Amino acid sequence: MRLSRYFLPVLRETPKEAEIVSHRLMLRAGMIRQQAAGIYSWLPLGLRVLDRIGDIVREEQNRAGALEILMPTMQPADLWRESGRYDDYGKEMLRIEDRHERKMLFGPTAEEVVTDIFRSFVKSYRDLPLNLYNIQWKFRDEVRPRFGVMRGREFLMKDAYSFDLDFEASRAAYNRMFVAYLRTFDRLGLRAIPMRADSGPIGGDMSHEFIILADTGESAVFCDRAILNLPIPPKDTDFYGDLSPIVSAWTKPYAATEEKHDAAAFAALPEEDRMSARGIEVGHIFHFGTKYSQAMGASVTGPDGKDTVVQMGSYGIGVSRLVGAIIEAAHDDAGIIWPESVAPFRVGLINLKPGDPTTDAAALTLYERLSKAGISVLLDDVEASAGAKFAKMDLIGLPWQLIVGPKGLARHEVEIKHRATGRREVMTPDEAVTRLLAA
RNA sequence: CGGGGCGUAGCGCAGCCUGGUAGCGCAUCUGCUUUGGGAGCAGAGGGUCGCAGGUUCAAAUCCUGCCGCCCCGACCA
């Protein structure tokens with residue numbers, strides 16, 4: 001993409017409404033535009049990141065055996081009356097009436113809809129296990145939206161729902177999502193720590209929040225340093241084998257949010273292993289048994305010929321929240337530092353002197369060579385001072401900067417800068433292409 | 001939902017107390033000169049001062065009501 005043909009409205013000054021760093025940087029980097037409290041438009045650069053995160057989430061869900069569907073944002077109130085939540089949910093649910101005066105709502109979650117889909121089509125235990133997910137906009141009319149996309153009212157969420165014949169099978173489904181989440185957050189460049197969460201009336205250890213560490217996180221967290229060094233399950237993990245050893249390894253070390261903190265247990269750890277930090281919740285997995293399947297009549301015929309109400313679980317990832325969370329975890333004074341896996345472009349190619357034929361030709365050649373090799377490149381071909389170009393490129397945080405100017409070219413040299421480390425290296429254009437292809 | 005703050009050009013702000021022709025910086029546009037870490041000069045455009053009432057000869061400024069946004073707390077993917 002050429003910057004001259006792109007839409008990247010960067011701000012030099014910080015809008016005053018933005019208090020936390022990710023919100024400031026998203027506004028300054030031209031990623032989002034606020035339309036109302038907790039409601040945002042996503043501009044080209046922001047949308048690219050959102051899509052890349054969604055793609056990684058999708059790949060790992062698929063790998064774990066979940067199947068993608070797409071459920072509506074608008075849902076009929078009748079379904080929610082069946083589950084009893086239409087009255088329970090309160091003012092966080094945005095209620096709407098259509099022209100025929102039918103009660104509708106903007107979905108804050110989709111247990112009712114997915115359960116309706118399930119009961120309409122699945123009648124036999126032979127069709128289990130089943131896990132259906134979608135990545136769809138949700139709306140929760142928060143009392144106090146804040147922190148930009150980290151706590152919006154409208155937000156993009158991946159929500160998966162598992163259906164199983166019995167508790168043991170449901171636990172296996174839970175473990176698949178648990179492992180998928182470890183892999184997903186790792187690929188996003190984040191260290192997410194599963195922390196035991198309130199598991200409601202079912203009991204047991206079947207609810208976890210996935211928390212990433214960031215200085216500006218909303219909640220205080222306490223954990224055993226050992227959890228930071230646990231290995232991430234590999235790509236070729238057998239999701240239909242026994243995953244419980246992995247889950248056990250990850251749930252054994254101490255890890256708790258402030259609400260669940262057990263000061264005595266924490267104090268029992270050796271001092272050097274105790275870690276207290278701030279955290280952001282980016283995922284939550286939950287087994288809730290037959291809460292919805294019972295109320296809404298989702299049952300299958302079991303091997304014994306009897307109707308069995310299915311066991312369910314739900315598994316959420318805050319996709320739009322992750323954009324902010326990743327920035328919270330990866331930035332410096334100059335701007336964002338995108339992990340390679342979600343960067344909107346891999347390389348920012350800076351033409352220091354647009355209009356100079358030699359420099360233009362060199363920049364364009366590099367742009368085409370890299371693009372043909374499958375590397376996404378943002379070519380800054382706009383006339384501006386060198387300092388302004390560097391500042392803008394640092395702000396939007398692309399992993400690599402490739403700097404081409406007349407002075408360097410006279411020596412047949414270009415410069416590569418690694419955004420994360422700040423390391424710069426001078427080399428020939430050919431070497432630069434080789435280096436970026438290998439990086 | 002309690003407490004606090006803010007709405008003046010795209011962004012950041014001054015002006016308001018003490019009413020009298022709406023300003024500054026950045027950004028934008030034009031021209032020239034510049035060009036390796038947010039360039040310089042000259043010129044130009046851009047405003048229902050959040051909205052609605054009221055007081056007054058006169059309201060960005062004073063009064064009343066409303067709306068929007070932000071922050072702290074309680075609550076939450």
Side-chain angles (χ1 to χ4, degrees), chain A residues 9-20 23-24 27-28 30 33-40 57 89-93 107-111 135-160 181 192 197-198 207-212 218-219 257 259 279-286 314-325 333-335 350-356 359 380 382-395 401-411 413-415 417 422 424 426:
Chain A
V10 301
L11 305 177
R12 188 155 168 185
E13 286 173 278
T14 306
K16 65 175 173 186
E17 73 268 18
E19 200 65 24
I20 67 162
H23 191 197
R24 284 204 299 264
L27 291 167
R28 288 197 54 213
R33 159 79 184 167
Q34 180 167 345
Q35 307 294 166
I39 299 176
Y40 294 87
V57 169
Y89 215 94
K91 299 189 82 170
E92 272 197 15
M93 178 188 280
T109 176
E111 280 83 2
I135 298 176
Q136 175 64 291
W137 293 93
K138 304 294 190 292
F139 195 94
R140 294 183 190 176
D141 202 358
E142 293 272 348
V143 196
R144 189 186 156 205
R146 64 188 120 164
F147 303 147
V149 299
M150 301 259 283
R151 181 170 301 289
R153 290 193 291 171
E154 189 179 43
F155 58 97
L156 189 61
M157 181 167 89
K158 186 284 297 182
D159 42 322
Y181 276 34
D198 195 349
S207 178
H208 288 88
E209 292 180 8
F210 285 75
I211 307 269
I212 66 154
E218 287 190 73
S219 45
T257 58
E259 306 85 65
I280 301 168
E281 182 184 350
V282 289
H284 195 168
I285 60 178
F286 204 91
S314 74
Y315 314 89
I317 289 180
V319 176
S320 50
R321 170 181 284 185
L322 274 165
V323 180
D333 289 344
I350 299 177
N351 179 343
L352 280 174
K353 193 163 185 176
D356 175 77
T359 314
D380 179 354
V382 173
E383 272 195 63
S385 72
K389 284 167 175 279
F390 292 137
K392 180 183 267 196
M393 206 55 90
D394 283 349
L395 173 64
Q401 293 173 17
L402 177 53
I403 301 155
V404 181
K407 290 180 186 171
L409 286 174
R411 298 187 299 270
E413 284 172 356
V414 296
E415 184 177 327
K417 175 179 161 185
R424 303 148 169 279
V426 171

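As the structure is a prediction and not an experimental result, all values here were calculated from the model. Lettering follows sequence order; numbering is per chain, from 1.
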Are the side chain of [X] and the backbone of [Y] linked by a donor-acceptor contact shorter than 3.5 Å?
| X | Y | value |
| --- | --- | --- |
| A:Arg321 | A:Val149 | no |
| A:Ser207 | A:Ile285 | yes |
| A:Lys158 | A:Tyr315 | yes |

Report which part of the nucleic acid [X] touches: base, sugar-phosphate, or nothing (heavy-atom distance under 4.0 Å, all strands).
| X | result |
| --- | --- |
| A:Thr109 | nothing |
| A:Lys16 | sugar-phosphate |
| A:Gly152 | base |

Would you kindly give the [atom1]-to-[atom2] distance between [X] and [N], to the nearest whole Å?
| X | N | atom1 | atom2 | result |
| --- | --- | --- | --- | --- |
| A:Glu209 | B:rA77 | CD | P | 7 Å |
| A:Ile135 | B:rA77 | CD1 | P | 19 Å |
| A:Glu281 | B:rC75 | CD | C1' | 13 Å |
| A:Arg24 | B:rC11 | CZ | P | 18 Å |
| A:Arg153 | B:rC70 | CZ | C1' | 14 Å |
| A:Gln136 | B:rA77 | CD | C1' | 15 Å |
| A:Glu13 | B:rC11 | CD | C1' | 6 Å |

Taking the [atom1] atom of each, how far is [N] from [M], in whole Å?
| N | M | atom1 | value |
| --- | --- | --- | --- |
| B:rC49 | B:rG68 | C1' | 16 Å |
| B:rU21 | B:rC57 | C1' | 16 Å |
| B:rG3 | B:rA59 | P | 34 Å |
| B:rA14 | B:rG7 | P | 7 Å |
| B:rC41 | B:rG37 | C1' | 23 Å |
| B:rC16 | B:rA22 | P | 15 Å |
| B:rA58 | B:rC11 | P | 33 Å |
| B:rA27 | B:rA9 | C1' | 11 Å |

Using Watson-Crick or G-U wobble geometry with both distances under 3.5 Å, which nucleotide pairs with [N]?
| N | result |
| --- | --- |
| B:rC51 | B:rG65 |
| B:rA14 | none |
| B:rC1 | B:rG73 |
| B:rG31 | B:rC41 |
| B:rA58 | none |

Of the listed nucleotides (B:rA77, B:rC1, B:rC11), which one gets closest to any side-chain atom of A:Met157? B:rA77

Got A:Glu281 and A:Ser219 here, is their nearest side-chain heavy-atom distance under 4.5 Å? no

What pairs with A:Phe390 under ring-ring contact (aromatic ring centres under 6.0 Å, His included), at least two apart in sequence or on another chain? none

With sequence neighbours left out, the residues meeting ring-ring contact (aromatic ring centres under 6.0 Å, His included) with A:Tyr181 are A:Phe185, A:Phe210

Closest non-hydrogen atom pair between A:Arg153 and A:Pro145, with its separation: CG-CG, 3.9 Å

Closest heavy-atom pair and its distance - A:Glu218, A:Ile280: N-CG1, 4.5 Å

Could you list the residues that satisfy salt bridge (Lys or Arg N to Asp or Glu O under 4.0 Å) with A:Glu154, not counting sequence neighbours? none

Partners passing salt bridge (Lys or Arg N to Asp or Glu O under 4.0 Å) against A:Lys417 (at least two apart in sequence or in another chain): A:Asp394

Per-nucleotide protein contact string for nucleotides 33-40 of chain B, where B marks a base within reach and S marks sugar-phosphate only (heavy atoms under 4.0 Å, - for neither): -BBBBBS-

Are the charged groups of A:Arg140 and A:Glu92 less than 4.0 angstrom apart, N to O? no

Between A:Gln34 and B:rC70, does any side-chain N or O lie under 4.0 Å from OP1 or OP2? yes

Protein N or O to nucleotides 71-74 of chain B N or O, pairs below 3.5 Å:
from	atom 1	to	atom 2	distance (Å)
B:rC72	OP2	A:Arg144	NH2	2.2
B:rG73	N7	A:Arg144	NH1	3.3
B:rA74	N6	A:Arg146	NH2	3.3

